[in-house]
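Note on naming: letters A, B, ... go to the chains in the order of the sequence lines (proteins, then strands), and numbering restarts at 1 for each one.
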Amino acid sequence: MAEKRLLLIDGNSIVYKAFYALINQVERFTNNKGVHTSAIYGFNNMLDIMLKKTNPTHALVAFDAGKTTFRTNMYDGYKAGRHKTPEELIEQFKYVKELLKARGIKTYELDNYEADDIIGTISKEADNNGFQTTVVTGDNDLTQLCSEKTTVSISNRGVSGVTHYDTDYVKETMGITPQQIIDWKALKGDSSDNYPGVKGVGDKTSLKLIKKFNSVENLYDNLDEVSGKKLKEHLIEDKQEAFLDKKLARIHRDAPIDIELTNLNYLGDNLEALVKFYREMNFKKFLSQMDFDETKDMKSINYTELTKDNLIDLKNNNDEVTFYLGIDGENYHSDNFIGFALKIDNDNYVSKDINLLKLPQLKNILENNNIVKNVFDTKRTYVGLNRLGITLKNVGFDLLLSSYLLNTNDNSNDLGRVANEHDYFEIQSDEDVYGKGAKRRIPEDDVLYSHFSRKLMAIQSLKQKLLDELNDNQQIDLYKNLELPLAFVLAKMEIDGIFVDKDILDQMSSKLTERISEIEQLIYNEAGVKFNIASPKQLGEILFEKMHLPVLKKTKTGYSTAVDVLEKLASNYPIVQEVLDYRQLSKILSTYIVGLSKDIHDDHKVHTRYLQTLTQTGRLSSVEPNLQNIPIRTEEGRKIRQAFVPSHKDWQIFSSDYSQIELRVLASISNDKNMQDEFINNDDIHASTARRIFDLKDNSDVTPELRRQAKAVNFGIVYGISDFGLANNTGISRKDAKQFIEKYFAEYPDVKNYMDDIVGKAKNNGYVETILHRRRYLPEINSRNFHQRSFAARTAMNSPIQGSAADIIKIAMIKMQKALKDNNLKAKMLLQVHDELIFEAPNDEIKILEKLVPKVMDSALKLKVPLKVKSHYGKNWYNIK
DNA sequence: GAACTCACG
DNA sequence: ACGTACGTGAGTTCA
């Protein structure tokens, strides 16, 4: 007879363990319907481990049926005083049961009995029938079930760490038999089950007594032999308790169960159901671990490969098509084309011959303003097509942009992943199809073309659903009139690029290289040894161990050598100042000279990519190169800007920036009259704040130092202030910081109200939004974890401010590009740096821009306070005043 | 690939 | 009591 192996799991116990093991991340584990999934996840982890370890032929998960059991009938207080099971856990039980069904494991519960008793009963039967049984639980009591054929695995340290008990191991560690566990517990009691045992008897005394007397009964028969007067008194006094507790502790091994062992065959995973379940739970890890060919699950898809000869067959009397352009990499400015796909009605047309797009039959569709195009990533598609001399017109639906607006957390750039986020599974991610890293390659035609065709299907299938969701969120306007037009604006800015004078960078490079090696020598001399200054580890050892400098701050892995630390040491230790200089210069050299040079294209320009669907607040970000963090704060670094020059002779760089846009947004959305008045009166806002919080009579009494402090408080307010944070960042004491904040809120009471309201809104709605309904979901706002919860609260305060400012400049950009065109200007908008727009323009247009740009920018969106714009220009980006 | 550091708004 | 400023990208080191 084949070996029979039974896996018995105490469902309640493991689910609880899993839940509390992941309690700090409970808000991270939610699916897209807001169901908490942490315990389900942890449970499944444990299940995987135990299935692998025991390779069972039979399996069962037992659950408690309800609150009342034969034990509560025996003793009212049984399990009383336990904390109420949190709602976040209760909702997970039914899904655990669903999971088990998909994994081919039966579940069972029995009125009046606990899971323990079901397990005790079945394991006894299993023992009698020659099963090898493994019991899994988080409860040590179950070790009483150990026998020749039954081991008990207790999960500890979360759910993945497991200790395996068999009879020998119990004897070895406890010195008693598994059956005596009951006696041991009877005397010592169990606080979590709320029975006290014998007064004054704990783990150790109880163990000693049971070792000597073997059982509770024998102990009481031979009480005279107990040494210790007090102990004897307690035993006599609590005799009844001890016998009751023994009954409570004993796991029932003859419960009236109505299932047969033979019916507990472990069936194994039902792949289809399990995939569905994992998807519903958003369990990406388990999905990726599955030995499951996703493509097998997909319907086969038809397509037609286009050639020069069959283009004639394309129906083109449609008013709507779906289009996808394949590019082999992220950088659509320069990476190779893979192919394209076009969907007209239900027909998918595909090709790897990118040049076909240039033929009128296709080009005309893409350029036709009367044919709506559905795409994934308008900007990428526009720039790619532009390289082929094609101008994309009239995008109706952009899956990437829509998805980002609906939830900034789902900001993958991968069409397949985005589709999956919206419950569309007839497609894989690019990584799954192309492979990753060194293994990445474009697959054979059929696989590629099917993948392309599925992309078309995904875009088309999700169009209405996502547009409906945008509509429900009042985001249609944001989508149609802001993000979508902006994609075109950004595309043109990226394509235009900005000219970088490589010679200037090269000159700086040689000078810097020289200076850096001089500083290096100084540092080596003082340290008395050569080492890698760029290595925080080595630098820390030199400064804090070899040279014994005071340690002011540590990181997770060692000494902190960050600027704020080094700056405190610099005045006393020359080597520290040299390290700071070294750091500053090598940063400039590596990031802004060597790094930037690598991004210069053949046209002597850099063509950044603005990531339109990345940030959580609605800002843009900029990559390859990042043109939003070119140095300005130090003279040394600022010189880098000398290399950014106009692309034509006798042109200028022109720049306009919003003044205090975030504070103005705050004044507007908080409706704080005091702050609004100051902006309306065009006061120096930081001086006014200083006057208020320092109780001065007039703004003219404000010293530069007080203004500086007030400015820091204003910044802090925008970031969702705390006294600790403000103190840390400004060097004032925490007490002072606290007072400043209190005074601030007293002076600007509606700012305080706004902060309270917005956190409340986040708690109630699960998200916050900007003036234009850009959303940010904050699931952690209700977290039990202080850190996570307060981070979410600060984010709730900051995101509508930062995000509304982003909304405003985005409107300005759309209007600005149109204004340039309408005014027939040659000037080009080149860059956006969050609150600043940078142009290049012929000399004779500067006067026009000086009026036009501020006008467009300050009227982008009407707030309850005016927007203020300042402009500068010069012959390069450095030299603008 | 994570950790650290530092550039910007 | 808890322990942190908001949003980014990129270069270097090191396990």
Side-chain angles (χ1 to χ4, degrees), chain A residues 24 408 411 437 531-540 553-567 579-580 582-596 598-599 608-611 614-634 636-638 640-641 657-662 666 712-730 734 737 741 768 776 783-803 805-806 809 831-837:
Chain A
N24 283 334
T408 52
N411 59 6
F531 66 100
N532 188 345
I533 307 165
S535 161
K537 188 166 171 271
Q538 293 181 36
L539 179 64
K553 200 166 107 186
K554 295 199 111 189
T555 65
K556 268 184 273 182
T557 51
Y559 309 105
S560 170
T561 65
V563 255
D564 58 322
V565 175
L566 297 190
E567 270 169 358
V579 170
L580 284 168
Y582 171 90
R583 284 249 182 96
Q584 196 206 348
L585 299 182
S586 33
K587 172 85 180 179
I588 295 168
L589 183 62
S590 64
T591 305
Y592 298 104
I593 295 180
V594 179
L596 186 65
K598 286 183 195 146
D599 291 322
T608 189
R609 276 162 25 241
Y610 289 104
L611 305 188
L614 181 134
T615 70
Q616 295 300 306
T617 54
R619 273 190 176 182
L620 300 173
S621 86
S622 157
V623 293
E624 286 189 80
N626 179 357
L627 293 178
Q628 294 181 318
N629 71 347
I630 302 301
I632 191 166
R633 291 172 193 170
T634 67
E636 212 64 64
R638 188 174 189 156
I640 292 294
R641 296 181 173 225
D657 64 281
Y658 286 110
S659 299
Q660 302 118 6
I661 186 165
E662 293 192 346
L666 174 61
V713 179
N714 273 327
F715 266 91
I717 292 289
V718 168
Y719 294 154
I721 203 159
S722 74
D723 52 3
F724 189 96
L726 180 65
N728 237 354
N729 235 274
T730 57
R734 190 166 166 184
I741 295 166
V768 292
R776 178 173 187 176
S783 170
R784 282 181 176 63
N785 179 301
F786 173 86
H787 180 221
Q788 291 180 0
R789 190 177 60 250
S790 33
F791 182 68
R794 291 196 296 275
T795 310
M797 299 184 231
N798 173 264
S799 289
I801 302 173
Q802 189 181 111
I809 196 165
L831 303 175
Q832 187 249 47
V833 191
H834 309 306
D835 64 357
E836 180 184 13
L837 295 177

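A/Gln802 contributes no side-chain N or O that, together with a main-chain N or O of A/Glu662, makes up a donor-acceptor pair within less than 3.5 Å. Side-chain N or O atoms of A/Arg619 include none that pairs as donor or acceptor with a backbone N or O of A/His834 at under 3.5 Å. At distances below 3.5 Å, not a single donor-acceptor pair connects side-chain atoms of A/Gln538 with backbone N or O atoms of A/Ile533.
In this model, the phosphate group of B/dC4 is approached by a side-chain N or O of A/Thr557 to a distance below 4.0 Å at OP1 or OP2. Listed pair A/Thr591 / C/dA10 fails the phosphate criterion, with no side-chain N or O lying under 4.0 Å from OP1 or OP2. Phosphate contact (OP1/OP2 of C/dC6, side-chain N/O of A/Arg619, threshold under 4.0 Å): absent. Phosphate proximity of C/dG9 to A/Ser621: present, with a side-chain N or O under 4.0 Å from OP1 or OP2. For the pair A/Arg794 and C/dA5, the criterion of a side-chain N or O lying under 4.0 Å from OP1 or OP2 is not met. An OP1 or OP2 oxygen of C/dT8 is reached within less than 4.0 angstrom by no side-chain nitrogen or oxygen of A/Thr617. OP1 and OP2 of B/dT5 both lie 4.0 Å or more from every side-chain N or O belonging to A/Arg583.
Minimum interatomic distance between A/Asn798 and A/Val718 (heavy atoms only, all atoms of both residues): ND2-O, 2.9 Å. When every heavy atom of A/Ala712 is checked against every heavy atom of A/Leu726, the shortest pair comes out as O-CD1, 3.8 Å. Between A/Leu614 and A/Ser621, the shortest heavy-atom contact is CD2-OG, 4.1 Å.
Of the two residues near DNA chain C, A/Phe791 and A/Phe786, the one whose nearest nucleotide lies more 5' is A/Phe786.
Atom NZ in A/Lys556 sits roughly 5 Å away from atom P in B/dA3 (whole-Å rounding). Spacing between atom NZ of A/Lys587 and atom P of B/dT5 amounts to 12 Å, rounded to whole angstrom units. Atom CG in A/Leu620 sits about 12 Å away from atom C1' in B/dG9, given to the nearest Å. As a whole-Å value, the separation of A/Ile593 CD1 from C/dG11 P is 13 Å. Atom-to-atom, CG of A/Leu627 to P of C/dT8 comes out at 18 Å; the value is rounded to the nearest Å. Atom CD of A/Glu662 and atom C1' of C/dA5 are 13 Å apart (whole Å). When rounded to the nearest whole Å, the span between CD of A/Glu624 and C1' of C/dG11 equals 14 Å.
Residue contacts shown for A/Ala737 are absent, as no nucleic acid heavy atom lies under 4.0 Å away. Counting any heavy atom pair closer than 4.0 Å across all strands shown, A/Val718 reaches no nucleic acid atom. Counting any heavy atom pair closer than 4.0 Å across all strands shown, A/Asn626 reaches sugar-phosphate atoms only and no base atom. Residue A/Ile588 is classed as having no contact, given no heavy-atom separation below 4.0 Å to the nucleic acid. Looking at heavy-atom distances under 4.0 Å, A/Val563 makes contact with sugar-phosphate atoms alone, never a base. At a threshold of 4.0 angstrom between heavy atoms, the contacts of A/Gly716 include nucleobase atoms, whether or not backbone atoms are also involved. Among the heavy atoms of the strands, none lies under 4.0 Å from A/Arg638. A/Ile801 comes within contact range of no nucleotide atom at all, as no heavy-atom separation falls under 4.0 Å. Note on A/Ser799: nothing from the nucleic acid sits closer than 4.0 angstrom, heavy atoms only. Within 4.0 Å of A/Ser560, counting heavy atoms only, lie sugar-phosphate atoms of the nucleic acid but no base atom.
With centres under 5.5 Å and a plane angle under 30°, the ring of A/Tyr719 is stacked against the base of C/dC6. Applying the 5.5 angstrom centroid cut-off and the 30 degree plane-angle cut-off, the aromatic ring of A/Phe724 is stacked upon the base of C/dT4.
In the interface, the side chain of A/Gln628 is not paired with the base of B/dC8 through any donor and acceptor atom under 3.5 Å apart. Side-chain atoms of A/Asn729 and base atoms of C/dA5 include a donor and an acceptor less than 3.5 Å apart. One can find a donor-acceptor pair under 3.5 Å joining the base of C/dT4 and the side-chain atoms of A/Ser722. You won't find any donor-acceptor pair under 3.5 Å spanning the side chain of A/Arg609 and the base of C/dG9, going by distance alone.
Within the model, atoms CG of A/Leu580 and CG of A/Leu585 stand 10.5 Å from one another, a figure rounded to the nearest 0.5 Å. Note that the CD atom of A/Gln660 and the CG atom of A/Asn714 stand 8.5 Å from one another [nearest 0.5 Å].
Taking only side-chain atoms of A/Val623, from C-beta outward, the nucleotide of C/dA5, C/dA10, C/dG7 with the closest atom is C/dA10.
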Sort me out a list of protein N/O and nucleotides 13-15 of chain C N/O pairs below 3.5 Å, or just none if empty.
{"residue": "C/dT13", "atom": "OP1", "partner": "A/Asn532", "partner atom": "ND2", "Å": "2.9"}
{"residue": "C/dT13", "atom": "O3'", "partner": "A/Ser535", "partner atom": "OG", "Å": "3.2"}
{"residue": "C/dC14", "atom": "OP1", "partner": "A/Ser535", "partner atom": "OG", "Å": "2.4"}
{"residue": "C/dC14", "atom": "OP1", "partner": "A/Gln538", "partner atom": "NE2", "Å": "3.3"}

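For A/Phe531, the CZ atom sits in a packed shell: over 12 heavy atoms of surrounding residues, nucleotides or ligands are nearer than 6.0 Å.
A heavy-atom distance below 4.5 Å is not found between the side chains of A/Thr795 and A/Gln616.
Taking a pair to require two hydrogen-bonding distances under 3.5 Å in either a Watson-Crick or a G-U wobble arrangement, C/dA1 remains unpaired.
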